[in-house]
Amino acid sequence: MANKITAPKGTKDILPQDAAQWQLMEAQALEIFSKYGYKEIRTPIFEATELFARGVGDTTDIVNKEMYTFEKSDRSLTLRPENTAGVVRAYIENGMSRISPPVKLWYKGPMFRYERPQAGRQRQFHQVGVELFGIKEAAADAEVIVVATNYLKSLGLNDLEVELNSLGCPDCRENFKTALKKSLESELDELCEDCKNRYEKNPLRLLDCKVPTCNAIFAQPQIQEVVQSDFICDECSVHFEEVKSYLSNMSVKYSINKLMVRGLDYYNRTVFEIKSNNLGSQNAVCGGGRYDSLVANLGGESTPAVGWAMGMERINSLIKSVEPVKIDAYIVSDTSVEAFKLAEELRAAGLSVEIDLSSKKFTKQLEKAAKTANFALILGEDEIKNNSVAVKNLDTGKQETVNRKDASERIKIGAS
RNA sequence: GCGAGUGUAGCCAAGUGGUUAAGGCUCCGGUUUGUGGUACCGGCAUUCGUGGGUUCGAUUCCCAUCAUUCGCCCCA
């Protein structure tokens with residue numbers, strides 16, 4: 001075992017027995033997103049490091065300690081830890097601001113973050129996501145959320161919770177941060193180490209600390225008063241009310257979580273998550289929100305935008321497994337050239353067909369057929385002479401000899 | 001970066017300080033060289049993650065190391 005090469009830490013093979021579920025997730029993405037007019041975009045798996053530093057935000061953990069960064073020809077490149085920054089870069093670079101808005105894009109693919117693996121968290125993982133550019137109205141926020149819930153519904157996931165919050169505009173956010181920090185100033189020494197850190201770097205995150213002593217402090221009335229206050233400005237407040245109103249009218253169930261903060265710096269106004277109780281500690285299936293300043297920050301014309309991403313491994317662990325499908329026919333023959341030719345004829349007619357490639361005995365071939373196929377096609381000397389083939393239904397055991405050219409029709413009828 | 005659990009075959013898994021390390025699934029071969037999937041027989045770990053220590057002797061006890069799982073942090 002000493003020299004066995006294994007998959008790198010935090011990576012996983014997606015094996016043939018799981019392929020059907022991944023294909024389903026991808027097929028539903030294409031189908032559902034297309035109904036809303038979203039077009040697929042495929043961006044590079046690595047980008048200039050600066051894109052993520054400026055896009056995702058250089059105060060975030062993702063950028064500070066989780067990126068796979070490497071140097072090549074004096075360029076600093078990074079394996080994408082998420083794809084919104086890449087899509088925005090492509091939007092700007094390809095002049096999509098000249099397309100009449102909205103510009104609706106979706107993507108799927110691997111992302112990379114250098115973290116300790118655990119349930120629902122890998123170093124290479126896959127996301128599917130949508131981005132909508134050019135619409136500042138609340139209808140856009142509502143649409144992307146509806147797209148998300150309908151996509152999950154199409155995979156049989158109806159009972160997931162949508163959590164909603166508004167961060168307001170940058171001014172609202174600053175006001176809230178200041179108020180919160182002020183309210184906690186006197187308690188600072190009592191907080192846990194993580195919280196002291198958050199106090200400086202990311203005050204909004206303080207509230208979902210899991211340490212009991214911290215929770216007790218946050219539960220104090222004078223602090224709750226700040227937490228529960230409507231700190232967002234009138235304009236942001238109107239926008240948020242409109243988003244909620246759309247969702248209610250679309251019968252999308254949601255709850256308001258005033259403590260929800262997104263980890264990426266670029267969000268403003270609407271933020272949301274979709275969670276499941278069946279995922280262990282990493283319970284968010286989908287996360288997203290509005291990011292009206294990102295396009296300008298990355299050098300484009302100021303363009304409002306909203307979008308989300310879902311973790312495909314997390315979705316995959318929630319959808320029920322797809323039953324393996326048998327092939328249509330397995331050809332049993334001692335004359336491999338003829339078997340080969342017959343298989344090609346049937347494949348051309350649209351069937352899935354396998355043959356024995358290793359000169360196994362008749363009974364072994366039939367055994368293999370019984371395990372893997374719905375029909376066995378027996379092609380012996382007599383059949384070849386008569387230009388016929390014996391078609392055996394492996395469920396019922398019934399067998400009949402038909403003209404070779406009718407074999408594909410016989411199987412299609414029998415299979416239906 | 002921090003904390004806890006687990007490492008016996010492709011998978012599941014029993015086991016004990018002492019001759020050849022149970023069993024099941026899968027796979028391969030045979031009983032059956034033109035009729036299967038259910039039966040029966042046989043094959044598949046010179047070795048228990050790796051290195052070192054204790055011992056007459058270690059898969060079993062100790063230490064280290066690596067891998068993996070779960071949790072913290074963070075996020076999809």
Side-chain angles (χ1 to χ4, degrees), chain A residues 1-12 15 17 56 59-66 80-84 108-129 148 152 192-195 197-198 201-202 205 208-211 260-264 272-276 279-288 307-318 326 330 332-335 358-383 390-399 401:
Chain A
M1 300 300 194
N3 292 318
K4 196 193 275 181
I5 297 174
T6 56
K9 192 187 193 74
T11 67
K12 281 203 171 123
L15 297 167
Q17 58 265 33
V56 178
T59 66
T60 61
D61 275 12
I62 291 179
V63 169
N64 277 317
K65 45 186 212 190
E66 295 177 4
R80 61 185 187 192
E82 59 97 54
N83 207 27
T84 297
K108 65 173 195 290
M111 309 294 160
F112 306 84
R113 293 183 198 173
Y114 187 79
E115 300 182 271
R116 279 291 283 273
Q118 64 178 267
R121 199 172 78 183
Q122 296 173 201
R123 290 183 173 181
Q124 179 179 167
F125 61 101
H126 298 77
Q127 287 186 333
V128 57
L152 292 168
C192 71
E193 283 308 307
D194 283 330
C195 279
N197 236 321
R198 293 183 182 111
K201 282 167 51 186
N202 198 351
R205 268 224 171 266
D208 55 330
C209 180
K210 291 169 184 105
V211 177
M260 182 173 59
V261 186
R262 303 285 315 143
L264 291 72
F272 62 94
E273 286 184 4
I274 302 178
K275 293 181 177 175
S276 164
L279 280 175
S281 177
Q282 316 300 322
N283 63 354
V285 168
C286 174
W308 51 255
M310 293 190 192
M312 296 179 79
E313 280 81 1
R314 292 183 189 179
I315 298 171
N316 185 46
S317 68
L318 294 174
K326 287 189 173 179
Y330 192 95
V332 176
S333 177
D334 291 327
T335 312
S358 56
S359 306
K360 285 201 173 46
K361 287 194 238 177
F362 183 90
T363 49
K364 288 294 169 193
Q365 290 190 34
L366 194 56
E367 189 181 323
K368 183 83 168 174
K371 282 179 188 164
T372 59
N374 291 317
F375 289 87
L377 297 188
I378 298 161
L379 187 66
E381 284 177 26
D382 293 347
E383 285 86 359
V391 178
K392 183 182 179 81
N393 183 321
L394 289 163
D395 278 335
T396 64
K398 282 189 186 143
Q399 177 173 334
T401 300

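What you see is a predicted model; the values in this text were computed from it and never measured.
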Polar pairs (N or O, both sides) under 3.5 Å between protein and nucleotides 64-68 of chain B?
from   : atom 1 : to    : atom 2 : distance (Å)
U68(B) : OP2    : K9(A) : NZ     : 3.1

For a quick check of understanding: with a heavy-atom distance under 4.0 Å over all strands, which category does A309(A) fall into, base, sugar-phosphate or nothing?
sugar-phosphate

Separation of C11(B) P from L15(A) CG (nearest whole Å)
11 Å

Would you indicate what Q399(A) reaches in the nucleic acid, counting non-hydrogen atoms under 4.0 angstrom: base, sugar-phosphate, or nothing?
base

Roughly how many Å apart are U50(B) and G23(B), using the C1' atom of each and rounding to a whole number?
28 Å

With a 4.0 Å cut-off on heavy atoms, is G129(A) in touch with a base, just the backbone sugar-phosphate, or nothing at all?
nothing

Please report, rounded to the nearest Å, how far the P atom of G36(B) is from the CG atom of N374(A).
19 Å

Looking at Q399(A), I want to see if its CD is surrounded by more than 12 non-hydrogen atoms of other residues, nucleotides or ligands under 6.0 Å.
yes

Between G37(B) atom P and L394(A) atom CG, what is the distance in whole Å?
11 Å

Give Q17(A) one of three labels, base, sugar-phosphate or nothing, depending on what nucleic acid heavy atoms sit under 4.0 Å from its own.
nothing

Hey, does E193(A) reach any base, or is it just sugar-phosphate, or nothing, if we go heavy atoms under 4.0 Å?
nothing

Per the under-4.0 Å heavy-atom filter, residues of residues 310-318 of chain A near RNA chain B come out as G311(A), R314(A)

Is U60(B) paired to anything, Watson-Crick or G-U wobble with both distances less than 3.5 Å, and if yes, which nucleotide?
none

G7(B) pairs with, by Watson-Crick or G-U criteria that keep both distances under 3.5 Å
C66(B)

For U38(B), which nucleotide in any strand shown is its Watson-Crick or wobble partner with both distances under 3.5 Å?
none

Contact class for K398(A) vs. all strands (heavy atom < 4.0 Å): base, sugar-phosphate, or nothing?
nothing

So what does Q118(A) touch, heavy atoms closer than 4.0 Å: a base, only the sugar-phosphate, or nothing?
base

Reading RNA chain B from 5' onward, which residue's closest nucleotide shows up sooner: G397(A) or K361(A)?
K361(A)

Nearest-angstrom distance from the residue atom CZ of F362(A) to C1' of G34(B):
4 Å

Whole-Å distance between C73(B) C1' and N197(A) CG?
10 Å

Is it true that a side-chain atom of R314(A) and a backbone atom of A284(A) form a donor plus acceptor pair closer than 3.5 Å?
yes

Quick one: E367(A) CD to G29(B) C1', roughly how many Å, whole number?
11 Å

